[in-house]
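Hydrogens, waters and symmetry mates play no part in the numbers below; they use all other heavy atoms, side chains included. Numbers for residues simply follow the sequence, beginning at 1.
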Amino acid sequence: MTLNKLRNIGIAAHIDAGKTTVTERILFYTGTTRKMGEVHDGQATMDFMKQEQERGITIASAAISCTWKDFQINLIDTPGHVDFTVEVERSLRVIDGMVAVFCAVGGVEPQSETVWNQADRYRVPRIAFVNKLDRTGADYCQVVDQMNKYLDANAFPFHIPIGEEDSFIGICDIIEQKSYLFTETDRVEAEIPKELKAKCDEARAKLVEKVAEFNDEIMEIFFAEGDVPSELLKTAARDATLKLLITPVFCGAAYKNKGIQLLLDAVLDYLPSPVDVGAVVGIDPDDPEKTHTCHPSPTEPFSALAFKLIHDPFVGQQTFTRIFSGTLKSGMQVFNSTKGKYERIGRILKIRAKEREEVSEARPGDIVALIGMKFTKTGDTLCGAEHKMLLESIHIPPAVIEMKISPAKRPEQAKLGEALAKLANEDPSFHIRYDDETEESVISGMGELHLEIIIDRLKHEFKVDAVVSEPSVAFRETITMEVESNYKHSKQTGGKGQFAQTLMRLEPNEGKGYEFSDKIKGGRIPIEFIPSVNKGILKTLDRGILAGYPVVDVKVVLLDGNFHPVDSSDMAFQTCASICFKNGFMKASPIILEPVMKVEVNTPDDYIGDIVSNLNRRRAKIEAMRRYRKGAQKVLAFVPLMEMFGYATQLRNLSSGRANYSMEFYEYQPLPKGMQEEVLKKKS
């Protein structure tokens, strides 16, 4: 199979838009499965985790390969729930194209915007599929308008539905200028119905006018008022889609098997192959100014990105990897340029959801699972030893919620620790830390559901019963003013002593995390001890200083220092830097930061007043209110996470169960002074 006939695609959308149902129909029509699995009865091929089947939602992205018209499609079904946004993030980093699924009733939902922005970050070409056109309240044109209004998508309908709601019976293809009518078992090709001819012609004319802007041949035909041939229009539209200039919109009703074959054709026609995506560029790990380019060819130097880890009880740890260039063979030695270590490749598996097939080699564009990797984690670059390069990693959002955890039975402490370490290995948005003061383990994640799934997996997969506290907010600490701090560390205990001195400046570094800058002149601190200073500060950041919360957004400039030719050591400088940083931190007006969430509430007009006043009582900053369909509004607000516990129940009561909401992390903001004092009191 040539690379031109390969498509690596992801299916992403808001929760309940029907992504997994679309995927199940694709697997059925491509002959990968013999029967269609359904989400609602827990039989979906892609939702094979016990927790997914019980809740009817996708939690982990699942990869599968299928074939359509001699093309191979590697497909990743991603979760819609915001608690698992890192699954979407890492999938988007390794796919070439995306199918964004929208519900014809709900339209552009908050999580649709999040996914769209994630795809923008990695510049992923995409097509849209408006699903559930057979549902009451479906409005295709409104969804296309919302895509343009809220996502700036440059969306153009390539399909026009024949009928809507329960009278949805077919689709008009505006490029081929024909229609498809769906029966119980098949579809029938037909002429475009007379009553829709004008609408289809208008949609085609708008598309021609748009693509004429970047295709000279179509521009000439457009000015001559001639008819643009279908093949030429398709080629120009594909080119515009790959350059992110337009988003083609298709439609259907996946649950009723309508429009899926046409969507598969669209994947082949408009989404890129690895050849279209072109060369991958990475930086030289030894010289960040230098870059390396690798083209998607089996003869080029090897480069790949590990994007997901899974612990499998039968084969051990699987490292999901996307090959960008070169050929990977089992038994081969590769270089992990992120960790600076060599890895030997054990077995190579092609994954078909929960089934696997062993292969001897993997080539550009392949998504495979590697067995036997010792050091490789999510976001690590793998490359050939003779051609070292570092690829763009994966953006991991910060954890916002935490809870204390301990085993139900004391002897299971070690077993719990091992299980948590494996889960943290798999999921980079899940963290564990040990609180020395309380002698308890603290886990943190993206939301209540995220941690609930972790606890559930501990019980069923790892057979460890855990006792957990109520979820609490993951605060952070930072400084608000610039200070200098000087500290001399000197210990004489008989034999070799410890000596180090550091002078550092601490500066607020809002939104930029931790930065370290070395301004030492004249060898006042030997060059080999500069990393020790940074290491000492980094160890201090995790444990916090004011109230034990991690420290963020601080820039440290090392200005001066002193050393002793015999008594100075790596440990002496680590200890000195840690104490020096702590002293400076406490002088720099430290504050506690709290996570603020972006909350979007969808509500019928009748309850808008009660909902807004309830949000105001929760310290919300109302950003916008907009009408999103007749008789209903969206409220966009920024609300501190600590005020959002129990909101789901209260919203149900306020709106008689008719309103719903979604929230995602927005940023960390200073905690009001009175509340900061309360938090500090609880900690002391």
Check for me whether Lys598 meets the cation-pi criterion with Tyr666, that is, NZ or CZ under 6.0 Å from the six-membered ring centre and within 45 degrees of the ring axis.
no
Strictly below 4.0 Å, N to O, side chains only: are [X] and [Y] in salt-bridge contact?
X	Y	value
Arg363	Glu361	yes
Asp380	Lys339	yes
Arg126	Asp120	yes

Would Val464 and Lys459 count as a side-chain contact (heavy atoms from CB on, under 4.5 Å) if you check the C-alpha gap in whole Å, the side-chain angles of each, and the deciding distance to 0.1 Å?
CA-CA 5 Å; Val464 181; Lys459 187 175 179 180; over 6 Å; no
Which atoms form the tightest heavy-atom contact between [X] and [Y], and what is the distance?
X	Y	answer
Phe214	Ala240	CE1-CB, 3.3 Å
Ala253	Leu133	CB-N, 4.3 Å
Asn215	Ala236	ND2-CB, 3.7 Å
Gly259	Phe182	N-CZ, 3.3 Å
Pro364	Phe324	CB-O, 3.7 Å
Gly107	Val143	CA-CG2, 4.0 Å

Supply the atom-to-atom distance [X] [atom1] to [Y] [atom2], rounded to the nearest 0.5 angstrom.
X	Y	atom1	atom2	result
Leu268	Ser273	CG	OG	11.0 Å
Met332	Leu370	CE	CG	10.5 Å
Glu343	Ile345	CD	CD1	7.0 Å
Tyr255	Arg25	OH	CZ	7.5 Å
Ile171	Gln261	CD1	CD	9.5 Å
Phe302	Thr327	CZ	OG1	9.0 Å

Kindly indicate, with the supporting measurements, whether the criterion side-chain contact (heavy atoms from CB on, under 4.5 Å) is fulfilled by Ile73 and Asn8.
CA-CA 6 Å; Ile73 299 172; Asn8 280 317; over 6 Å; no
Is the backbone of [Y] close enough, under 3.5 Å, to the side chain of [X] for a donor and an acceptor to pair up by distance?
X	Y	result
Arg7	Leu271	yes
Asp542	Pro550	no
Thr293	Val281	no
Thr376	Met373	no
Gln146	Val108	yes
Asn148	Asn154	yes

For a 4.5 angstrom cut-off between non-hydrogen side-chain atoms, does [X] reach [Y]?
X	Y	value
Phe430	Ile443	yes
Asp284	Thr291	no
Phe71	Val267	no
Tyr342	Val334	no
Asn131	Phe102	no
His387	His292	yes
Thr241	Thr247	no
Tyr180	Asp173	yes

Go through it in stages, so that I can follow the logic: the residues are Ile405 and Ile455, the test is side-chain contact (heavy atoms from CB on, under 4.5 Å), and I'd like the CA-CA distance, side-chain angles, deciding distance and then a yes or no.
CA-CA 9 Å; Ile405 184 167; Ile455 305 304; 3.7 Å; yes
Walk me through whether Lys234 and Asp269 qualify under salt bridge (Lys or Arg N to Asp or Glu O under 4.0 Å).
CA-CA 8 Å; Lys234 196 180 277 188; Asp269 291 340; 3.5 Å; yes
Going through the distances and angles, do Arg347 and Leu349 end up as a side-chain contact (heavy atoms from CB on, under 4.5 Å)?
CA-CA 6 Å; Arg347 293 157 65 203; Leu349 304 177; 4.1 Å; yes
For Thr321 and Thr319, what are the C-alpha separation, side-chain angles and deciding distance, and is it a side-chain hydrogen bond (donor to acceptor under 3.5 Å, both in side chains)?
CA-CA 6 Å; Thr321 306; Thr319 307; 5.8 Å; no
In terms of heavy-atom contacts, does NZ of Lys256 have more than 12 from other residues, nucleotides or ligands at under 6.0 Å?
no
Is there a side-chain hydrogen bond (donor to acceptor under 3.5 Å, both in side chains) between Ser303 and Ser325 once you walk through the steps?
CA-CA 5 Å; Ser303 68; Ser325 64; 2.7 Å; yes
Could you walk me through whether Asp152 and Trp116 pass side-chain hydrogen bond (donor to acceptor under 3.5 Å, both in side chains), step by step?
CA-CA 10 Å; Asp152 198 17; Trp116 200 266; over 6 Å; no
For Arg322, run the side chain to side chain donor-acceptor pair (under 3.5 Å) check against Asp96, Asp366, Asn74 and tell me which one passes.
Asp96
For residues Phe158 and Tyr270, establish whether the separation of their ring centroids is below 6.0 Å.
yes
Is the Phe250 ring parallel, tilted or perpendicular to the His159 ring (thresholds 30°, 60°)?
perpendicular
